[in-house]
There are 2 protein chains.
Amino acid sequence: MTLIDLRRLRAFIVLAEEGHVTRAAERLGIQQPPLTRLLQGLEAELGVLLMHRLPRGVQLTEAGKVLLEEARIILARADGVTDLVHRAARGELGSLAVGFTSSAALHPFVPKALRAFRESLPHVSVTLEEAGTAELVDALMHERLDAAFIRSPVGRTPGLRIDALLEEPMLVALPVGHRFAIDTRSRLLLTELATEPFILYRRTAGPGLYDTILTACREAGFSPVVAQEAPRLTATLSLVAAGYGISLVPASMQRLGGEDIVYRAVAGSSKLIAPLLLAMRQSHPAPALAQLRGLVQRMVVSQRAIT
Amino acid sequence: MTLIDLRRLRAFIVLAEEGHVTRAAERLGIQQPPLTRLLQGLEAELGVLLMHRLPRGVQLTEAGKVLLEEARIILARADGVTDLVHRAARGELGSLAVGFTSSAALHPFVPKALRAFRESLPHVSVTLEEAGTAELVDALMHERLDAAFIRSPVGRTPGLRIDALLEEPMLVALPVGHRFAIDTRSRLLLTELATEPFILYRRTAGPGLYDTILTACREAGFSPVVAQEAPRLTATLSLVAAGYGISLVPASMQRLGGEDIVYRAVAGSSKLIAPLLLAMRQSHPAPALAQLRGLVQRMVVSQRAIT
DNA sequence: AATTTTGATACTTTTAAGGTATGACATTGA
DNA sequence: TCAATGTCATACCTTAAAAGTATCAAAATT
């Protein structure tokens, strides 16, 4: 069973247009006998007469007319394939799965970058997913994600490439009315927090920030009193707002918490810095990922120029 | 330039599904090396890497994923071609151009047949055209029409095949108030019309009926006084209604003319008969035409059974 | 009736696809 | 670490399919 092939469909279209085997062969750059056999081959395979043989020339049968229409559609599509594939290779087409942690999502840079990407490459369908750092890393390694915005350096992760995008200081988040929440202009010394109850968000969800806080406190000479662990950064702030304790959060969180939380800068530690990172697989990056990466890098450069 | 062919697209799909050259080759019933070359050939032609070569197996690139999607669409369409062409050859698909004269259009059989055809073969797109007999015959010969409902035997017409469908008597159409229009039950003798002014519709538009009337009158021993010629049968009846004269029209016209025209049967001539015919080309009938013809024949048989 | 036009057929040559054997490379297990 | 294994790539040969050449057959036109 040598099913229909495009070579014959192409020839058939020319033949139908010319209505004349010899002339069509000429236009196709072949001789007349092969073209005749080509038509015969099509007819034999389809089991249908495609052209009436007239004394001068040939003429489409109804079946032939239907085949002609269909052949044109198929060939147009087939001819479009090259361009489509090229665009996919350039990353202008295709799909991209991007993940982010809840804390990354709260950094204004992330939605800004995603929006800019969507606008610059509208034909790439972007899938978004929010999850904890561990899940994101796992998804990256198992090809369920192509890239992820995260906040923690996650130690050695073989097979991952991590771009450092931005850094920001961490601030103390205090409930309104807290004794440290009166003078909000000056920096608070980290050691002053030694006896305060801390709200931290689960280490499993985001080990990076958790460890950053613990390391900074240890260097300042104390081990923080962890009053409660929250499943997400937003939950942490809710607990702070409710007065259950204080926390240390990335500066970009300031816009959250409304009037119930007061933020203050911290002095006494050079480690209290929250990075924003873009993680991806090292091998076989999707072309659209290269585009995203380039876009993000350019945005980072212009962001730094402003700050 | 050996553009993309379906054989390779088929192989590519299997290869993509298996993710494994050797296994895919097995499924395709070929050896591994040809399949490898096949993939290489596609990549060379498209100028794009379609699969990453992993230590165990292969894996689609983004470009490969796009090609896979597109290939599936193209092949589905290509595989559908056979069925489509078969249906076209059986006359279940395609197009049919049908003409009719104004007088044929007024016979209830014609719209009934066209509606039945549309219902039985909804995928055949039917084009309708009303014109004079001469134009219809010309259109048939020049392939602008496939069939035409006409009323006149049009003498010898080489290349045409004509099916006689139905016959009906011709009636005298009289304006209300005419002296012959009082007794409508009895037959009027043709000779009684010898001195009446006749309205006939143009010979060029429909030579058949015109000649039928003239022949019948001559046989009855007179030559009719043609008061006026009308371009169409409906115009003829309008003129009769307005009192400009009388006419002889097919019996099925009775439903026209409303209350202004009285119809009476005629005695004294066996020639005053109007046929309904279906004309078509003798050579290369469209398959859908064969379907129409069969349908019409069946309808004629059941019609005659009733009458 | 002869000539021309045009598609069909028989046979040969060329090209492309498929098969066989083997290599290169990387992973895995002892 | 080295051999065994799995897997795609390459080289070379064989087979099959497409194209070319020469010629025929049928029908129409002069």
Side-chain angles (χ1 to χ4, degrees), chain A residues 1-46 48-61 63-64 141 158-159 281-284, chain B residues 1-46 48-61 63-64 141-143 158-159 281-284:
Chain A
M1 166 162 127
T2 320
L3 268 130
I4 277 187
D5 62 313
L6 299 186
R7 187 182 49 91
R8 285 195 283 199
L9 290 187
R10 270 178 227 285
F12 179 74
I13 290 176
V14 173
L15 183 50
E17 282 170 359
E18 293 287 337
H20 195 280
V21 181
T22 309
R23 266 205 304 279
E26 200 174 328
R27 206 173 115 192
L28 286 163
I30 63 175
Q31 297 305 113
Q32 169 260 315
L35 183 54
T36 293
R37 286 193 301 254
L38 220 128
L39 173 61
Q40 291 170 334
L42 266 181
E43 291 180 326
E45 264 169 37
L46 294 172
V48 155
L49 189 74
L50 296 172
M51 305 205 118
H52 297 299
R53 272 64 163 183
L54 306 183
R56 43 182 69 252
V58 292
Q59 189 187 31
L60 285 173
T61 61
M141 294 316 290
R281 244 167 289 116
Q282 250 165 4
S283 58
H284 309 317
Chain B
M1 165 163 125
T2 319
L3 269 130
I4 276 186
D5 62 313
L6 299 185
R7 185 183 49 91
R8 284 194 285 197
L9 290 188
R10 271 179 226 285
F12 179 74
I13 290 175
V14 174
L15 183 50
E17 284 170 358
E18 293 288 338
H20 196 280
V21 181
T22 309
R23 269 204 303 277
E26 200 174 329
R27 207 173 113 191
L28 286 163
I30 63 174
Q31 297 304 114
Q32 169 260 316
L35 182 55
T36 293
R37 285 192 303 252
L38 221 128
L39 173 61
Q40 291 170 335
L42 265 181
E43 291 180 325
E45 264 170 38
L46 294 172
V48 155
L49 190 75
L50 295 173
M51 306 205 119
H52 297 300
R53 274 65 165 182
L54 307 181
R56 46 183 68 252
V58 292
Q59 188 188 29
L60 286 173
T61 61
M141 297 312 293
H142 289 79
E143 321 232 322
R281 245 168 289 117
Q282 250 166 4
S283 58
H284 309 318

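Because the structure is predicted, anything quoted here is derived from the model rather than measured. Naming: A, B, ... by sequence-line order, numbering from 1 per chain.
In this structure, B:Leu39 atom CG and C:dG18 atom P are separated by 14 Å, rounded to whole Å. Put simply, CZ on A:Arg10 is 13 Å from P on D:dA19, counting in whole angstrom units. Per the geometry, CD belonging to B:Glu43 stands 13 Å off P belonging to D:dC8, to the nearest Å. Taking atom CG on A:Asp5 and atom C1' on D:dA19, their separation rounds to 14 Å, with Å as the unit. Atom CG of B:Leu35 is separated from atom P of C:dT20 by 15 Å (rounded to the nearest Å). Rounding to whole angstrom units, CG of residue A:Leu15 and C1' of C:dT6 are separated by 13 Å. D:dA18 atom P lies 10 Å from atom CZ of B:Arg7, rounded to whole Å.
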### Summary
Protein heavy-atom contacts under 4.0 Å, written 5' to 3' over nucleotides 9-14 of chain C as B (base), S (sugar-phosphate only) or - (none), form the string BBB---
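For the contact set between residues 23-31 of chain B and DNA chain D, defined by any heavy atom under 4.0 Å, there are no members. Contacts of residues 51-61 of chain A with DNA chain D (heavy atom under 4.0 Å): A:Pro55, A:Arg56.
Between the side chain of B:Glu43 and the backbone N or O of B:Met51, at least one donor-acceptor pair lies under 3.5 Å. No donor-acceptor distance shorter than 3.5 angstrom exists from the side chain of B:Arg56 to the backbone of B:Leu54, with no hydrogens or angles considered.
For the atom pair CD (B:Gln282) and CE (B:Met141), the distance works out to 8.5 Å, reported to the nearest 0.5 Å. Atom CD of residue B:Glu17 and atom CZ of residue B:Arg23 lie 12.5 Å apart, to the nearest 0.5 angstrom. The distance from atom CG of B:Leu38 to atom CG of B:Leu9, rounded to the nearest 0.5 Å, is 9.5 Å. A distance of 8.0 Å separates CG in B:Leu49 from CG in B:Leu39, rounded to the nearest 0.5 Å.
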### Query
Are A:Thr36 and A:Gln32 close enough, and set up right, to give a side chain to side chain contact (heavy atoms under 4.5 Å, CB included), and what steps lead you there?
CA-CA 6 Å; A:Thr36 293; A:Gln32 169 260 315; 2.9 Å; yes
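Within the 4.0 Å cut-off from OP1 or OP2 of D:dC8, at least one side-chain nitrogen or oxygen of B:Thr22 is found.
Here the closest non-hydrogen pair linking B:Val21 and B:Leu15 is CA-CD1, 3.7 Å. Taking every heavy atom of both residues into account, B:Leu35 and B:Ala11 meet most closely at CD1-CB, 3.9 Å. Nearest heavy-atom pair, B:His52 versus B:Leu60, reported as atom, atom and distance to 0.1 Å: CD2-O, 4.1 Å.
Shown here is A:Glu26, whose CD atom has no more than 12 heavy atoms of other residues, nucleotides or ligands within 6.0 Å.
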